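To keep things clear, I will list the structure first and then write my remarks on it.
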Amino acid sequence: MTGAFLAGLVAGYGVAIPVGAIAILILGLSARTSFRVGAAAALGVASADGLYAAVAALGGAAVASGLAPFAGPLRLVAAGVLLALAGLTARRALRPPATTHPPSPSATTHPSGTTQEPGARGGLDTPVRAFAAVLALTLLNPATVVYFVALVLGRGDVLGSGPAGAAAFTAGVFLASASWQLLIAGGGTLIGRALTGPRGRRVTALLSSVIIAALAVATVLGV
(Lines give C-alpha, C1' and ligand atoms only; values in the text may rest on other atoms or scores of the structure.)
Protein backbone atom coordinates (compact mmCIF):
# COMPACT_ATOMS: atom_id res chain seq x y z
CA MET A 1 0.00 0.00 0.00
CA THR A 2 2.92 2.33 0.63
CA GLY A 3 4.02 1.98 -2.99
CA ALA A 4 0.50 2.72 -4.22
CA PHE A 5 0.23 5.77 -1.96
CA LEU A 6 3.58 7.16 -3.15
CA ALA A 7 2.58 6.49 -6.76
CA GLY A 8 -0.59 8.45 -6.11
CA LEU A 9 1.37 11.36 -4.65
CA VAL A 10 3.61 11.58 -7.73
CA ALA A 11 0.65 11.22 -10.07
CA GLY A 12 -1.31 13.84 -8.15
CA TYR A 13 1.45 16.41 -8.37
CA GLY A 14 1.92 15.60 -12.04
CA VAL A 15 -1.69 16.51 -12.79
CA ALA A 16 -2.01 19.41 -10.30
CA ILE A 17 1.15 21.44 -10.81
CA PRO A 18 0.40 23.07 -14.19
CA VAL A 19 -0.96 26.49 -13.28
CA GLY A 20 -3.88 27.32 -15.52
CA ALA A 21 -7.13 29.21 -15.32
CA ILE A 22 -8.44 27.10 -12.42
CA ALA A 23 -5.48 28.17 -10.28
CA ILE A 24 -6.07 31.79 -11.23
CA LEU A 25 -9.73 31.39 -10.28
CA ILE A 26 -8.76 29.97 -6.87
CA LEU A 27 -6.29 32.80 -6.28
CA GLY A 28 -8.87 35.39 -7.29
CA LEU A 29 -11.51 33.91 -5.01
CA SER A 30 -9.11 33.98 -2.06
CA ALA A 31 -8.20 37.60 -2.78
CA ARG A 32 -11.77 38.82 -3.28
CA THR A 33 -13.48 36.85 -0.55
CA SER A 34 -11.54 34.86 2.04
CA PHE A 35 -9.14 31.97 2.44
CA ARG A 36 -12.09 29.74 3.42
CA VAL A 37 -13.68 30.26 0.00
CA GLY A 38 -10.38 29.79 -1.81
CA ALA A 39 -9.62 26.65 0.19
CA ALA A 40 -13.06 25.22 -0.61
CA ALA A 41 -12.39 25.80 -4.29
CA ALA A 42 -8.98 24.15 -3.92
CA LEU A 43 -10.59 21.11 -2.32
CA GLY A 44 -13.04 21.01 -5.21
CA VAL A 45 -10.13 20.51 -7.60
CA ALA A 46 -8.57 17.87 -5.35
CA SER A 47 -11.89 16.04 -5.04
CA ALA A 48 -12.26 15.90 -8.82
CA ASP A 49 -8.72 14.56 -9.18
CA GLY A 50 -9.37 12.01 -6.43
CA LEU A 51 -12.66 10.93 -8.02
CA TYR A 52 -11.06 10.37 -11.40
CA ALA A 53 -8.14 8.55 -9.75
CA ALA A 54 -10.57 6.28 -7.87
CA VAL A 55 -12.51 5.47 -11.04
CA ALA A 56 -9.30 4.64 -12.89
CA ALA A 57 -7.78 2.64 -10.01
CA LEU A 58 -10.91 0.61 -9.25
CA GLY A 59 -11.54 -0.05 -12.93
CA GLY A 60 -7.92 -1.04 -13.43
CA ALA A 61 -8.05 -3.38 -10.47
CA ALA A 62 -11.19 -5.01 -11.84
CA VAL A 63 -9.63 -5.84 -15.21
CA ALA A 64 -6.03 -6.42 -14.11
CA SER A 65 -6.29 -10.22 -14.09
CA GLY A 66 -7.83 -10.32 -17.57
CA LEU A 67 -5.13 -8.08 -19.00
CA ALA A 68 -2.23 -9.94 -17.38
CA PRO A 69 -1.26 -11.80 -20.62
CA PHE A 70 -0.91 -8.43 -22.35
CA ALA A 71 1.11 -6.73 -19.62
CA GLY A 72 4.11 -6.02 -21.85
CA PRO A 73 2.30 -4.33 -24.76
CA LEU A 74 -0.02 -2.58 -22.30
CA ARG A 75 2.94 -0.95 -20.60
CA LEU A 76 4.13 0.41 -23.94
CA VAL A 77 0.69 1.76 -24.81
CA ALA A 78 0.34 3.39 -21.37
CA ALA A 79 3.81 4.90 -21.65
CA GLY A 80 2.94 6.25 -25.09
CA VAL A 81 -0.20 7.93 -23.74
CA LEU A 82 1.77 9.48 -20.87
CA LEU A 83 4.49 10.72 -23.21
CA ALA A 84 1.85 12.24 -25.47
CA LEU A 85 0.32 14.09 -22.51
CA ALA A 86 3.78 15.25 -21.41
CA GLY A 87 4.56 16.48 -24.92
CA LEU A 88 1.23 18.27 -25.22
CA THR A 89 1.73 19.99 -21.86
CA ALA A 90 5.26 21.10 -22.82
CA ARG A 91 4.16 22.28 -26.28
CA ARG A 92 1.39 24.40 -24.85
CA ALA A 93 3.80 25.86 -22.28
CA LEU A 94 6.36 26.85 -24.93
CA ARG A 95 3.92 28.01 -27.58
CA PRO A 96 3.57 31.81 -27.74
CA PRO A 97 0.11 33.09 -26.84
CA ALA A 98 -2.24 33.41 -29.77
CA THR A 99 -3.82 36.57 -28.42
CA THR A 100 -2.87 39.48 -26.24
CA HIS A 101 -6.02 39.12 -24.17
CA PRO A 102 -5.59 37.27 -20.87
CA PRO A 103 -7.43 33.97 -20.47
CA SER A 104 -10.74 34.01 -18.68
CA PRO A 105 -10.23 33.23 -14.98
CA SER A 106 -13.12 30.80 -15.13
CA ALA A 107 -11.89 28.68 -18.04
CA THR A 108 -10.49 25.24 -17.37
CA THR A 109 -7.10 24.00 -18.59
CA HIS A 110 -6.63 20.96 -16.39
CA PRO A 111 -4.36 19.05 -17.00
CA SER A 112 -3.75 18.95 -20.76
CA GLY A 113 -4.36 22.60 -21.62
CA THR A 114 -7.87 22.13 -23.03
CA THR A 115 -9.81 25.34 -22.36
CA GLN A 116 -13.45 25.36 -21.50
CA GLU A 117 -15.53 28.41 -20.62
CA PRO A 118 -18.21 27.85 -17.98
CA GLY A 119 -19.87 31.23 -18.34
CA ALA A 120 -20.43 33.69 -15.54
CA ARG A 121 -18.39 33.16 -12.41
CA GLY A 122 -20.49 35.28 -10.09
CA GLY A 123 -21.95 33.87 -6.91
CA LEU A 124 -18.88 31.91 -5.81
CA ASP A 125 -18.78 33.84 -2.56
CA THR A 126 -19.39 30.97 -0.13
CA PRO A 127 -17.31 27.85 0.51
CA VAL A 128 -20.11 25.50 -0.58
CA ARG A 129 -20.72 27.32 -3.86
CA ALA A 130 -17.01 27.61 -4.59
CA PHE A 131 -16.43 23.90 -3.90
CA ALA A 132 -19.35 22.75 -6.05
CA ALA A 133 -18.57 25.07 -8.97
CA VAL A 134 -14.85 24.30 -9.14
CA LEU A 135 -15.50 20.56 -8.70
CA ALA A 136 -17.84 20.67 -11.70
CA LEU A 137 -15.39 22.72 -13.77
CA THR A 138 -12.53 20.34 -13.11
CA LEU A 139 -14.63 17.29 -13.95
CA LEU A 140 -15.37 18.75 -17.40
CA ASN A 141 -11.94 17.75 -18.73
CA PRO A 142 -11.74 14.01 -19.54
CA ALA A 143 -7.96 14.22 -20.07
CA THR A 144 -7.57 13.76 -16.32
CA VAL A 145 -9.15 10.32 -16.29
CA VAL A 146 -7.18 9.33 -19.41
CA TYR A 147 -4.01 10.24 -17.52
CA PHE A 148 -4.93 8.14 -14.49
CA VAL A 149 -6.16 5.18 -16.55
CA ALA A 150 -2.84 5.10 -18.40
CA LEU A 151 -0.96 5.13 -15.10
CA VAL A 152 -3.10 2.43 -13.49
CA LEU A 153 -3.05 0.06 -16.46
CA GLY A 154 0.64 0.60 -17.07
CA ARG A 155 1.73 0.25 -13.44
CA GLY A 156 -0.70 -2.28 -12.02
CA ASP A 157 2.14 -4.08 -10.27
CA VAL A 158 2.85 -0.98 -8.19
CA LEU A 159 -0.77 -0.22 -7.34
CA GLY A 160 -1.83 -3.77 -6.66
CA SER A 161 -5.05 -5.40 -7.77
CA GLY A 162 -7.31 -4.89 -4.75
CA PRO A 163 -9.42 -2.11 -3.24
CA ALA A 164 -6.73 -1.33 -0.66
CA GLY A 165 -4.20 -0.41 -3.32
CA ALA A 166 -6.80 1.63 -5.20
CA ALA A 167 -7.72 3.47 -2.01
CA ALA A 168 -4.07 4.20 -1.20
CA PHE A 169 -3.44 5.49 -4.73
CA THR A 170 -6.55 7.68 -4.59
CA ALA A 171 -5.55 9.07 -1.19
CA GLY A 172 -2.11 9.96 -2.53
CA VAL A 173 -3.60 11.74 -5.54
CA PHE A 174 -6.05 13.68 -3.37
CA LEU A 175 -3.42 14.78 -0.84
CA ALA A 176 -0.98 15.87 -3.54
CA SER A 177 -3.62 17.84 -5.42
CA ALA A 178 -5.07 19.37 -2.26
CA SER A 179 -1.68 20.46 -0.92
CA TRP A 180 -0.77 22.20 -4.18
CA GLN A 181 -4.13 23.91 -4.64
CA LEU A 182 -4.20 25.02 -0.98
CA LEU A 183 -0.73 26.48 -1.46
CA ILE A 184 -2.13 28.60 -4.27
CA ALA A 185 -5.18 29.57 -2.21
CA GLY A 186 -3.17 30.54 0.87
CA GLY A 187 0.14 31.53 -0.66
CA GLY A 188 -0.63 35.22 -0.70
CA THR A 189 -0.43 37.78 -3.45
CA LEU A 190 3.32 37.50 -3.98
CA ILE A 191 3.51 33.75 -4.58
CA GLY A 192 0.18 33.81 -6.36
CA ARG A 193 1.41 36.30 -8.93
CA ALA A 194 4.69 34.45 -9.29
CA LEU A 195 2.88 31.19 -10.06
CA THR A 196 0.09 32.53 -12.24
CA GLY A 197 2.11 34.97 -14.34
CA PRO A 198 3.32 33.95 -17.81
CA ARG A 199 6.70 32.76 -16.57
CA GLY A 200 5.26 30.88 -13.60
CA ARG A 201 2.69 29.12 -15.75
CA ARG A 202 5.38 28.13 -18.23
CA VAL A 203 7.69 26.77 -15.54
CA THR A 204 4.97 24.79 -13.76
CA ALA A 205 3.72 23.31 -17.04
CA LEU A 206 7.24 22.23 -17.99
CA LEU A 207 7.75 20.74 -14.52
CA SER A 208 4.53 18.79 -14.91
CA SER A 209 5.61 17.48 -18.32
CA VAL A 210 8.90 16.28 -16.81
CA ILE A 211 7.04 14.42 -14.04
CA ILE A 212 4.63 12.80 -16.51
CA ALA A 213 7.49 11.82 -18.83
CA ALA A 214 9.35 10.30 -15.86
CA LEU A 215 6.22 8.28 -15.03
CA ALA A 216 6.17 7.04 -18.64
CA VAL A 217 9.78 5.88 -18.37
CA ALA A 218 9.03 4.19 -15.03
CA THR A 219 6.05 2.46 -16.67
CA VAL A 220 8.24 1.01 -19.40
CA LEU A 221 10.95 -0.06 -16.96
CA GLY A 222 8.45 -1.42 -14.44
CA VAL A 223 9.92 0.52 -11.51
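If you're wondering where the values come from, they're calculated on a predicted model, not measured in any experiment.
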(message) Donor-acceptor check, side chain of Y147 to backbone of A11, threshold 3.5 angstrom: yes or no?
(response) yes

(request) Work out which heavy atom in A185 is nearest to a heavy atom in F35; give both atom names and the distance. (result) O-CD1, 3.8 Å

(request) Establish whether V10 and V210 are linked, either directly or via other cluster members, by ILVMFWY side-chain heavy-atom contacts under 4.5 Å. (result) no

(message) To the nearest 0.5 Å, what is the distance between CG on D49 and OG1 on T138?
(response) 7.0 Å

(request) Compare every heavy atom of L9 with every heavy atom of G172, then report the nearest pair and how far apart it is. (result) O-CD2, 3.4 Å

(message) Rounded at 0.5 Å granularity, tell me how far CG in L140 sits from CG in L135.
(response) 9.5 Å

(request) Mind checking the CG-CG spacing from L139 to L51? Nearest 0.5 Å is all I need. (result) 6.0 Å

(message) Quick check: closest heavy atoms across A16 and Q181, and the distance to 0.1 Å?
(response) O-NE2, 3.7 Å

(message) My understanding is that only residues two or more places apart in sequence, or in another chain, count here; which of them pass side chain to side chain donor-acceptor pair (under 3.5 Å) with S179?
(response) Y13

(request) Output, in order, the C-alpha distance, side-chain angles, deciding distance and verdict of side chain to side chain contact (heavy atoms under 4.5 Å, CB included) for S177 and V45. (result) CA-CA 7 Å; S177 181; V45 177; 4.1 Å; yes

(request) Quick one: pull up CG in L206 and CD1 in I17 and give me the separation to the nearest 0.5 Å. (result) 12.0 Å

(request) Taking all non-hydrogen atoms of both residues into account, name the closest pair between P127 and A40 and its distance. (result) O-CB, 3.2 Å

(request) Measure across T170 and G50 and return the closest heavy-atom pair with its distance rounded to 0.1 Å. (result) CG2-O, 3.3 Å

(message) By the definition side-chain contact (heavy atoms from CB on, under 4.5 Å), identify the one residue from L27, I184, L137 that meets it with I22.
(response) L137

(request) For A133, check side-chain contact (heavy atoms from CB on, under 4.5 Å) against everything at least two apart and list the hits. (result) L124

(request) Kindly write out the residues that satisfy side-chain contact (heavy atoms from CB on, under 4.5 Å) with A213, not counting sequence neighbours, or none if the list is empty. (result) L83, A86

(message) If you compare all heavy atoms of S30 against all heavy atoms of G38, which two are closest, and at what distance to 0.1 Å?
(response) OG-CA, 3.2 Å

